[in-house]
Amino acid sequence: MKKSGDYSFFENVYDVVRQIPKGRVTSYGAVAKYLGSGKSARMVGWAMNAAHGQIPPVPAQRVVNSKGVLSGKNHFASPTFMQELLEAEGVSVKDDTVVNFEKKFWNPAVEL
DNA sequence: GCATTGACGAAGG
DNA sequence: CCCTTCGCCAATG
């Protein structure tokens with residue numbers, strides 16, 4: 001039996017990612033740190049892997065690694081889909097890396 | 001139950 | 001900047 005508010009780590013990750021403002025990005029580690037897991041950035045990535053088909057949809061394209069690289073683009077429907085989604089939101093991507101990453105960076109621990 | 005993998009990150013060379 | 005090593009933890013074989 002599942003109680004209301006019984007959020008798993010995965011769902012908690014989805015909740016944070018869904019709150020990323022349009023045109024901004026964050027990193028797996030930042031989300032992990034906000035959730036208190038700190039070094040479990042891999043789990044955030046794993047959560048994204050299971051994020052497909054989630055309702056409401058999880059904007060996984062706004063989550064990149066600490067360098068601003070679209071490390072997970074290969075997991076989207078198409079390797080170019082992630083970049084296209086970001087550029088459609090006003091985030092420029094060059095060589096699989098977010099341009100002006102530090103300016104686009106959205107830190108949940110600070111902004112949330 | 002152990003070994004390997006991974007959409008990561010930090011530190012060291 | 002590039003590469004290697006280590007830590008972290010769930011999923012998978």
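Lettering of chains follows the sequences in order, A, B, ..., and the numbering in each one begins at 1.
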Checking [X] side chain against [Y] main chain: does a donor-acceptor pair fall under 3.5 Å?
| X | Y | answer |
| --- | --- | --- |
| A/Tyr34 | A/Gly29 | no |
| A/Asp95 | A/Thr97 | no |
| A/Arg18 | A/Pro56 | yes |
| A/Thr26 | A/Trp106 | yes |

- Would you say A/Met48 and A/Val13 make side-chain contact, with heavy atoms under 4.5 Å?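 A side-chain contact exists here, since the closest heavy-atom pair is under 4.5 Å.
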In terms of side-chain heavy atoms, does A/Gln61 have a donor or acceptor partner in A/Glu89 at a distance below 3.5 Å?
yes
Quick one: [X] [atom1] to [N] [atom2], roughly how many Å, whole number?
| X | N | atom1 | atom2 | answer |
| --- | --- | --- | --- | --- |
| A/Leu70 | B/dA7 | CG | C1' | 10 Å |
| A/Met48 | B/dG6 | CE | C1' | 14 Å |
| A/Asn49 | B/dG6 | CG | P | 11 Å |
| A/Met43 | B/dG9 | CE | C1' | 13 Å |
| A/Phe9 | C/dC8 | CZ | C1' | 11 Å |
| A/Asn74 | B/dG6 | CG | C1' | 13 Å |
| A/Lys67 | B/dA11 | NZ | P | 13 Å |

Closest to the side chain of A/Ser66, out of B/dA10, B/dA7, C/dA10, is B/dA10
Judged by nearest nucleotide, the residue sitting upstream toward the 5' end of DNA chain C, A/Trp46 or A/Lys39, is A/Lys39
* Asked: Hey, which of these two, A/Ala41 or A/Phe10, hits DNA chain C nearer its 5' end, going by closest nucleotide?
  ->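 Checking each residue's closest nucleotide, the 5'-ward one belongs to A/Ala41.
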Exercise for review: Please state whether the phosphate of C/dC9, meaning OP1 or OP2, lies under 4.0 angstrom from any side-chain nitrogen or oxygen of A/Ser40.
Suggested key: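 Indeed not, no polar side-chain atom of A/Ser40 lies that close.
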- Query: Under 4.0 angstrom, heavy atoms only, what part of the nucleic acid is A/Asn65 near: base, sugar-phosphate, or nothing?
  - Reply: sugar-phosphate
In short, A/Arg24 meets A/Phe105 closest at the heavy-atom pair NH2-O, 3.0 Å
*Mind running a 4.0 Å heavy-atom check of residues 27-35 of chain A against DNA chain B and sending the residues that fall below it, in number order?*
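Per residue number, the list reads A/Ser27, A/Tyr28, A/Gly29.
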